[in-house]
Amino acid sequence: MLAQSQSKDRLIVALDVPSARQARQIVQSIGDAATTFKVGKQLFTAEGPQVVRDLVSSGRKVFLDLKFHDIPNTVAGAVRSAAELGVTMLTVHASGGSKMLKAGADAAAQSAAKPMVLAVTVLTSLSEADLQEIGVPGTVLSQVLRLGALARAAGCGGLVASAHEARELRRELGEGFAIVTPGVRPAGSAAGDQARVVTPRDAIAAGATHLVVGRPILEAPDPAQAAAAIVADIESAVV
Ligand code: C5P
């Protein structure tokens, strides 16, 4: 059993909305049922860094999901800017290679806020055929494990991975790094466009440390209650 405060920090609510106004409404309706919110490309592109500053100054933690992928110097600069906004977690693409990953991880470690750098391995929208098309041989899983090991060796604090990949990554890479898992659905809820879904409890049992949940909370009649139910399910996980 996990302590309730610990469990709450493991839930990341995805603010997948087009405006700061809608984001504020959701954050308010959730109240203190969640601590951490994901700002992604849609909201950030529409509203800019102020949306992050507002969340941070209201005492929330922010996961900035912009999936940086560029030359090492540019990624290091972007990570420094994210750290200055006060984000807790941010994403980079592992396929940017070791030098880029290390530049990002080092920039985070040298900042005051020291955000956790999470690497995205293979986008879950890509199939084996898609990988072949871009010149990557082998299975999706072998590429996930390869890039996961690379990110870890470069000093990243964790990975973004599906629950299935989480189990394999834990088996191959062991403990001591975060695994952030989307595609989570409370038992009995609609899957939406997620092809493979797991319950919060099962994702934690598979080795995930954090869960990203959007629509099951955003579209719930009572978002605070939906978030609290997910936290309770996380808490019940045997780890
Ligand atoms: O609404 P839902 O719970 O499906 O939202 C999941 C969040 O996680 C979205 O922000 C989505 O972009 C993100 N995500 C995902 N699958 C991945 C990586 C990220 O659903 N493989």
Side-chain angles (χ1 to χ4, degrees), residues 10-19 22-23 26-27 29-30 33-34 36-47 51-52 55 60-69 87-95 116-128 130-131 140-141 143-145 147-148 151 156 158-169 178-204 206-221 223 226-231 233-234:
R10 290 170 184 259
L11 170 63
I12 301 166
V13 180
L15 291 175
D16 292 331
V17 290
S19 72
Q22 281 161 283
I26 292 162
V27 172
S29 68
I30 291 173
T36 312
F37 294 86
K38 180 167 89 77
V39 174
K41 286 182 168 124
Q42 182 185 19
L43 183 57
F44 192 85
T45 303
E47 301 283 358
V51 73
V52 176
L55 283 162
R60 271 88 183 188
K61 293 181 188 158
V62 174
F63 170 16
L64 186 63
D65 186 20
L66 298 180
K67 299 186 180 69
F68 298 139
H69 187 173
V87 309
T88 303
M89 300 164 137
L90 61 89
T91 44
V92 297
H93 268 290
S95 52
M116 183 184 283
V117 176
L118 300 165
V120 175
T121 57
V122 178
L123 294 171
T124 46
S125 51
L126 297 178
S127 67
E128 210 166 294
D130 296 321
L131 287 185
V140 170
L141 185 60
Q143 184 67 0
V144 167
L145 295 174
L147 291 176
C156 293
L159 300 164
V160 179
S162 73
H164 171 66
E165 292 162 355
R167 193 174 291 284
E168 302 293 333
L169 285 161
I179 298 181
V180 178
T181 298
V184 175
R185 292 292 175 269
S189 72
D193 60 0
Q194 296 280 13
R196 283 186 295 151
V197 296
V198 291
T199 64
R201 184 191 168 100
D202 288 347
I204 296 289
T209 54
H210 300 78
L211 312 181
V212 178
V213 185
R215 288 161 292 178
I217 295 175
L218 271 47
E219 294 172 2
I230 291 169
V231 171
D233 201 35
I234 292 173

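Just so you know, ligand 1 is whichever comes first in the structure, and atom 1 is the first atom listed for that ligand. One is the number of the first residue; the rest follow in order along the sequence. Note: hydrogens, waters and symmetry copies are ignored here, and every other heavy atom, side chains too, is used.
By the salt bridge (Lys or Arg N to Asp or Glu O under 4.0 Å) test, R215 pairs with D193, sequence neighbours left out. Applying the side chain to side chain donor-acceptor pair (under 3.5 Å) criterion to E168, with sequence neighbours excluded, gives R171.
In terms of protein heavy atoms, atom 21 (N) of ligand 1 is closest to T124 OG1, 2.5 Å. Protein heavy atom at the shortest distance from atom 5 (O) of ligand 1 is G214 N, 3.7 Å. For atom 7 (C) of ligand 1, the closest heavy atom belonging to the protein is V212 CG1, 3.7 Å. For atom 2 (P) of ligand 1, the closest non-hydrogen atom on the protein side is R185 NH2, 3.4 Å. For atom 12 (O) of ligand 1, the nearest non-hydrogen atom of the protein is K38 NZ, 4.1 Å. Given atom 14 (N) of ligand 1, the protein heavy atom at minimum distance is P182 CB, 3.6 Å. In this structure, atom 20 (O) of ligand 1 lies nearest to the protein heavy atom Q194 NE2, 2.7 Å.
Between D16 and ligand 1, a contact under 3.5 Å exists for at least one N or O pair.
Atom NZ in K38 sits 7.5 Å away from atom OG1 in T91 (nearest 0.5 Å). For the atom pair CG of D202 and OG1 of T181, the computed distance is 11.5 Å after rounding to the nearest 0.5 Å.
For the pairing with T121, the side chain to side chain contact (heavy atoms under 4.5 Å, CB included) check across L159, V160, L145 returns one residue only, L159.
Atoms of ligand 1 found under 4.0 Å from any heavy atom of R215, numbered from 1 in the order shown, are 1 (O), 2 (P), 3 (O), 4 (O). Near A14, with a cut-off below 4.0 Å to any heavy atom, the atoms of ligand 1 are 10 (O). Within the listing of ligand 1, atoms 3 (O) sit less than 4.0 angstrom from a heavy atom of V213.
One finds no salt bridge joining D233 and R201 here, because no Lys/Arg side-chain nitrogen approaches an Asp/Glu carboxylate oxygen to under 4.0 Å.
Taking a 4.0 Å cut-off on heavy atoms, P216 registers as neighbouring ligand 1.
Two residues are said to be in side-chain contact when any heavy atoms from C-beta on lie closer than 4.5 Å; V62 and T88 fail this criterion.
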*Give the C-alpha distance, both sets of side-chain angles, the deciding distance and a yes or no for side chain to side chain contact (heavy atoms under 4.5 Å, CB included) between H210 and I179.*
CA-CA 6 Å; H210 300 78; I179 298 181; over 6 Å; no

